[in-house]
Amino acid sequence: MQEKRRPMPSPVPSIATPAPALRHLLLATITLLGACATPPDLHLEGDALVASGSLAARIPRPEADWRPAPVDRREETFDGHPFAIARSAWLGEDALVLVHAERVLDDSGAAHYEELPPFTLAGVIWRSRLLCAPLSPAEVAEESDLRYLARHGFDPLPALRLRQLFRTTETHDAELVVSYGERVQVCNEDPDALAAFDRRLRRRLAGTRAETPGEPPE
C-alpha cells in the first residue's frame with residue numbers, strides 16, 4: 001500500500017501494524033531479468049505481469065483462476081520526494097499479489113530499505129516486511145492500494161496480512177515492490193499461522209528464477 005517507508009517506522013513494525021502504516025500490498029512467481037537504466041514500468045503480457053526498466057521482472061499468474069487487475073500509473077510525493085508509480089496485481093478469491101514499479105523523479109536516492117531484514121526467494125535476496133492490519137470500510141475507501149484492490153473486485157475486509165518484498169537499484173532511484181497478501185478474519189502472531197502463510201507464499205512462488213538481481217542487502 002502506498003505509504004512508502006515514510007511514515008513506516010524503523011525498526012520493523014509488529015504483525016499488528018494498523019492499516020495507515022501499510023505501504024505496498026504484494027507476490028507470485030517472479031523471474032528477475034536484470035537491471036537497466038530505463039525507468040521502471042509494468043504491463044500484462046499473456047499470463048504474466050512484466051516489470052520492465054531498472055528492475056525488470058516477470059510475474060506469472062500464481063493460480064489458474066487468478067485474474068489480472070489493469071495497470072495504472074500516477075505520480076505521488078512521499079516525504080517530499082516525487083515518485084512515478086506503475087501498479088498492477090493478480091487477484092484470487094482470498095489472496096493477491098500486488099506489484100509496484102517505481103522511480104524517484106528527483107534523483108535523491110529515496111528508495112532504500114536497509115532497515116528491513118533480508119528475505120531470500122529462489123536465490124534472490126530482497127528486503128522484507130511482514131504486516132497485518134484490521135481494516136474498516138473507511139480505511140479501504142481512503143487508502144490508494146486498498147481502494148484499487150476493491151475497485152477491481154478484491155475485498156480486503158475484515159483484515160489483510162501481507163509480506164512485502166523490496167528490491168532497489170544501487171543508486172536507490174528505482175524500486176520493485178512485490179506484495180503477497182491474504183484476507184484474514186483476525187490479525188494474530190501465532191507462529192503456526194505465520195509459517196503456513198509463508199509456505200503458501202513460497203508454493204505460489206515456486207517457479208521463481210532469478211538472473212540478475214538488483215542491489216543485494218549488505
CZ of Arg74 to CD of Glu102, rounded to nearest 0.5 Å, is 7.5 Å
Closer than 3.5 angstrom, by distance alone: can the side chain of Arg73 be matched with the main-chain N or O of Leu42 as a donor-acceptor pair? yes
Check: Ser136 main-chain N/O paired with Glu139 side-chain donor or acceptor under 3.5 Å: yes
Any residue meeting ring-ring contact (aromatic ring centres under 6.0 Å, His included) with His152, in chain and number order, not counting sequence neighbours: Tyr148
Decide whether Glu114 and His172 meet the rule of one side-chain donor and one side-chain acceptor closer than 3.5 Å. yes
Please enumerate all residues that pass salt bridge (charged side-chain N to carboxylate O under 4.0 Å, His left out) together with Glu45, with sequence neighbours excluded. Arg58
Are Arg87 and Asp145 packed together at the side-chain level, in the sense that at least one heavy-atom pair is separated by less than 4.5 angstrom? yes
For Asp106, which residues count as a salt bridge (charged side-chain N to carboxylate O under 4.0 Å, His left out) partner, sequence neighbours excluded? none
For Asp198, the side chain to side chain donor-acceptor pair (under 3.5 Å) test, sequence neighbours excluded, returns Arg163
Does the side chain of Pro134 reach to within under 4.5 Å of the side chain of Val186, using non-hydrogen atoms? no
Determine whether a donor-acceptor pair (N or O, by modelled atom type, separation under 3.5 Å) exists between the side chain of Arg127 and the backbone of Thr168. no
Test of understanding: with side-chain contact (heavy atoms from CB on, under 4.5 Å), list the residues that count as partners of Arg67, not counting sequence neighbours. Leu91
For Asp94, give me all partners under salt bridge (charged side-chain N to carboxylate O under 4.0 Å, His left out), at least two apart in sequence or on another chain. none
So Tyr113 and Leu165, do their side chains get closer than 4.5 Å, heavy atoms only? no
Which atoms form the tightest heavy-atom contact between Ala86 and Asp41, and what is the distance? CB-OD1, 3.5 Å
Got Glu76 and Pro82 here, is their nearest side-chain heavy-atom distance under 4.5 Å? no
Return the set of residues passing side chain to side chain donor-acceptor pair (under 3.5 Å) with Arg147 (not counting sequence neighbours), or none when no residue passes. none
Are Arg103 and Phe83 side-chain neighbours, meaning at least one heavy-atom pair lies under 4.5 Å? no
Which residues share a side-chain contact (heavy atoms from CB on, under 4.5 Å) with Asp65, sequence neighbours left out: Glu63
Just wondering, do Leu49 and Ser88 contact through their side chains at under 4.5 Å, heavy atoms? yes
For Thr77, enumerate each residue passing the side chain to side chain donor-acceptor pair (under 3.5 Å) test, keeping only those at least two apart in sequence or located in another chain. none
Report the residues that fulfil side-chain contact (heavy atoms from CB on, under 4.5 Å) with Ala95, sequence neighbours left out, ordered by chain and then residue number. Trp66, Tyr180, Glu182, Arg204
Side chain Arg183, main chain Glu93, donor-acceptor under 3.5 Å: yes
Between Leu176 and Trp126, is there a side-chain heavy-atom distance shorter than 4.5 Å? yes
Write down the atom of Asn188, the atom of Arg161, and the distance for their closest heavy-atom approach. O-NH2, 2.8 Å
Is any side-chain heavy atom of Phe197 less than 4.5 Å from a side-chain heavy atom of Val184? no
What's the shortest heavy-atom distance between Pro60 and Trp90, and which atoms? O-NE1, 3.6 Å
Quick one: list whatever passes salt bridge (charged side-chain N to carboxylate O under 4.0 Å, His left out) with Asp155, sequence neighbours left out. none
How would you list, by chain and number, every residue that makes a side-chain contact (heavy atoms from CB on, under 4.5 Å) with Thr120, sequence neighbours excluded? Ile125
